[in-house]
Chemist: 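Here it is, the structure, as structure tokens.
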Amino acid sequence: MDLYRLVRAQWDRALAIAAAVAGLIALFVGWLGVSDAILTTQQIPYLASGGLFGLFALGVGATLWLSADMRDEWRLLERIADAVDADLDAPQQSSAPSAQA
Amino acid sequence: MTSVTGSVRAPRTATVGRIRRGTRARSLPAVGPWSRRLLVGVVVADLISFLVLVVVWYRISGQLYGKETIVWMDLGAIALIASGTAHALWLVRGRGRLRAGRRAVIQAVAPDHLAALASDRRALRAAMRGSSPRSVTDRDAATALVIVRGIARFHRPGCAFVADRSTEAVEPGSTGDFEACEVCRP
């Protein structure tokens, strides 16, 4: 599977990785800015941009990744429910011994 | 709770159906285990938080001194907390729906499996006492796979779907058009 298909199929995980990477970059850039600033008042803008945006992006990424896991499990539950429904419906629709579903 | 292998189909189907249908919002279709209304709420909360963070950054970056920067930082922290709270609510709601779905599936499928496990445990205890009866595991080994007339899948002998049904033994290599059961996974 090429990268484009993988990203399309796993768009939520791709977004999660992108958000996490963006958050880490924002935190790193903010840290660089703060470490170069001398005055505390000069550091606050870096804290607001790098720190707050980095945490925000990391939170979005973590939520997207956990949501993708939950959605996968939900799909699996739906498949099991469909299998239960199919096996319950089959003997009442036909009593033939051959495979029908 | 109704039985998986019982002949009363409607209540059982309704039990399983709750996994998919009962967890959806009334007016909007569901997105995985979440309602679309909750999705819209979380996205709106994130957008507002993002806009507040942009405003905070814009207002702070223009000032070098003053108490106002602290006030704007507090506003940014509040936006961050609001976003985190929305995400936590999203995840907690999703976990709750998943737990309900798991419970519905287990209630639909598990009773016969639990009976088979109890039978296994009784057989194990009897074997430890020296009487060595034929256990369910022995029976599974003797008859590898079974089918039921009218069901398109083959199962293990201890599968919940074939409990209390008349089964026919088949060789593992001669399952033909039948598919493997997704519950017992033979």
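All chains are named by letter (A, B, ...) in the order of the sequence lines, taking the proteins before the strands, and each is independently numbered beginning at 1.
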Chemist: Partners of A:Leu64 by side chain to side chain contact (heavy atoms under 4.5 Å, CB included), sequence neighbours excluded?
Modeler: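 Testing A:Leu64 for side chain to side chain contact (heavy atoms under 4.5 Å, CB included), a comparison that skips the adjacent residues, returns A:Leu15, A:Ala16, A:Val60.
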Chemist: Checking B:Arg59 against chain A: side chain, backbone, both or neither under 4.5 Å from a heavy atom?
Modeler: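 Contact with chain A: none, neither part.
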Chemist: Using a heavy-atom distance cut-off of less than 4.5 Å, which residues of residues 42-51 of chain B contact chain A?
Modeler: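 The residues closer than 4.5 Å to chain A, in numerical order, are B:Asp46, B:Ser49, B:Phe50.
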Chemist: Within the distance-only criterion (no hydrogens, no angle test), does the side chain of B:Ser83 pair as donor or acceptor with the backbone N or O of B:Ala79 below 3.5 angstrom?
Modeler: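 No, B:Ser83 side chain to B:Ala79 backbone: no donor-acceptor pair under 3.5 Å.
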Chemist: According to a 4.5 Å side-chain heavy-atom criterion applied to Ile, Leu, Val, Met, Phe, Trp and Tyr, with indirect links allowed, do A:Leu52 and B:Val54 form part of one hydrophobic cluster?
Modeler: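 Same cluster: A:Leu52 reaches B:Val54 through Ile, Leu, Val, Met, Phe, Trp or Tyr contacts under 4.5 Å.
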Chemist: Does any donor atom in the side chain of B:Trp90 or A:Ser67 lie under 3.5 Å from an acceptor atom in the other side chain?
Modeler: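 There is such a pair between these side chains.
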Chemist: With a 4.5 angstrom heavy-atom cut-off, is it the side chain or the backbone of B:Leu98 that approaches chain A, or both, or neither?
Modeler: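 Backbone plus side chain of B:Leu98, per the 4.5 Å heavy-atom cut-off to chain A.
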Chemist: Taking A:Ala57, A:Gly59, A:Ser49 one by one, which has the highest count of heavy-atom pairs under 4.5 Å against chain B?
Modeler: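 The option with the most such pairs is A:Ser49.
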Chemist: Taking the side chain from A:Gln42 and the backbone from A:Leu39, do they hold a donor-acceptor pair closer than 3.5 Å?
Modeler: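 Pair found, side chain donor or acceptor close to backbone of A:Leu39.
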Chemist: Hydrophobic clusters here meaning ILVMFWY residues chained together by side-chain heavy-atom distances under 4.5 Å, can you tell me if A:Met70 and B:Leu39 are in one?
Modeler: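 Yes, it is one cluster - the side chains of A:Met70 and B:Leu39 are joined through contacts under 4.5 Å.
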Chemist: Does B:Arg97 make a cation-pi contact with A:Trp74, if we ask for NZ or CZ under 6.0 Å from the ring centre and within 45° of the axis?
Modeler: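 Negative - B:Arg97 is either too far from the ring of A:Trp74 or too far off its axis.
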